[in-house]
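Presented below is the structure to which this report refers.
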Amino acid sequence: MTIALTRAVSPSLARCELTHLARNPIDPTRAAAQHSNYERCLAKLGMEVVHLPALSDLPDSVFIEDTAIVLDELAIITRPGAVARRAETASVAEALRAYRDLAFIEEPATVDGGDVLMVGRQVYVGLSSRTSASGVAQIRQILEPLGYWVTAVAVDGCLHLKSAVTPVAPDMVLINRHWVDGGVFHDMRLVEVDPTEPYAANALRVRGAVVFPTAFRRTRDRLHDLGIAVLPVDVSELAKAEGGVTCCCILVER
Ligand code: CIR
């Protein structure tokens, strides 16, 4: 059984953090409808969706991925790089306590979960505007004694490592090579996003299928041609807040 921990869209989503996109009006009701549809998609894939209530004063709290990294042995509660997002972690820690022992990223280090990509026991951590070198060092200190291998990866031009690269099959990653060096993933097959769809590298692989934004048709066709089962979801309103498909859930294996 896999739990997908999600958080309802905050009514204040329009006041979200923005790094690379210009601010455009966001309709929180439309975003909430898209988010519910995303949750239904996860449920159809066999996940048990555990839905946390909205936090009205924390605009970005729907992007729950950034608050924790869950492994079989424990969960690491992050210290998000954006000061305005730090208060999001407390209630996620409470929710995860039911399933895992907890470790915490301590100040002054910062880590966003969107920078942490796991392939088996290999953990890639993006060095981004949100995740600091001392954050990577703390993750290494927690995980290497448990038999994980932690590699820091430079990220340039996008918000998080997983904006630039995500797994789409056991041996394959979807990548935008303008934002991350593909050489880091030398033991994997690389599928590049369509050049007209730079934001398309964020895909959520669950149960052998890939949940993927409807907006990126050309990249979707590339995945389809490789025999990958793609489940399209419309997340256009969440994308205005720089959110993608990985960032709206935390997966917990039970
Ligand atoms: C932020 O800037 O923190 C949010 N507006 C977007 C976070 C997206 N998180 C993710 O992709 N993991």
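Order of appearance sets the numbers: ligands from 1, and atoms from 1 within every ligand.
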Nearest-neighbour protein heavy atom for atom 10 (C) of ligand 1, which is reported as residue plus atom name and distance:
C247 CB, 2.9 Å

Which ligand 1 atoms are under 4.0 Å away from a heavy-atom of G114?
12 (N)

Please verify whether a non-hydrogen atom of A82 lies at under 4.0 Å from ligand 1.
no

Same cluster or not: L231 versus V245, using hydrophobic residues (I, L, V, M, F, W, Y) connected whenever any side-chain heavy atoms lie under 4.5 Å apart?
yes

K240, E88, R15, R130: member with heavy atom nearest to atom 2 (O) of ligand 1:
R130

Going by the order shown, which atoms of ligand 1 are within less than 4.0 Å of some heavy atom of H160?
9 (N), 10 (C), 11 (O), 12 (N)

To the nearest 0.1 Å, how far is atom 9 (N) of ligand 1 from its closest protein heavy atom, and which atom is that?
D66 OD2, 2.8 Å

For ligand 1, which part of E17 has a heavy atom less than 4.0 Å away: the side chain, the backbone, both, or neither?
both

For E65, the ligand 1 atoms whose distance to one of its heavy atoms is below 4.0 Å
10 (C), 12 (N)

Could you go through W149 and Y124, starting from their C-alpha distance and side-chain angles, then the distance that decides it, and tell me whether this counts as ring pair (Phe, Tyr, Trp, His ring centres under 6.0 Å)?
CA-CA 8 Å; W149 187 251; Y124 300 97; over 10 Å; no

So the atoms of ligand 1 within less than 4.0 Å of a heavy atom of A241 turn out to be 4 (C), 5 (N), 6 (C)

Taking both backbone and side-chain atoms of T246, is any N or O found less than 3.5 Å from an N or O belonging to ligand 1?
no

Pairwise side-chain hydrogen bond (donor to acceptor under 3.5 Å, both in side chains) hits with a residue in residues 20-31, at least two apart
R30-E237

Just checking R207: does its CZ atom have more than 12 heavy atoms from other residues, nucleotides or ligands closer to it than 6.0 angstrom?
yes

Is it true that K162 lies under 4.0 Å from ligand 1, counting heavy atoms only?
no

State plainly whether one hydrophobic cluster holds both M172 and L223, where clusters connect Ile, Leu, Val, Met, Phe, Trp and Tyr through side-chain heavy atoms under 4.5 angstrom apart.
yes

Can you check whether R85 has an N/O within less than 3.5 Å of an N/O in ligand 1?
yes

Scan side-chain atoms only and decide if T246 and N202 contain a donor-acceptor pair under the 3.5 Å cut-off.
yes

Between R7 and S91: side-chain donor-acceptor atoms closer than 3.5 Å:
yes

Set of side-chain hydrogen bond (donor to acceptor under 3.5 Å, both in side chains) partners for S129, sequence neighbours left out
none

R121 to Y148, cation-pi by 6.0 Å centre distance and 45° axis angle
yes

Top protein contact for atom 4 (C) of ligand 1, by heavy-atom distance
D60 OD1, 3.2 Å

Protein contact of atom 8 (C) of ligand 1 - nearest heavy atom, named by residue and atom, plus distance:
E242 O, 3.3 Å

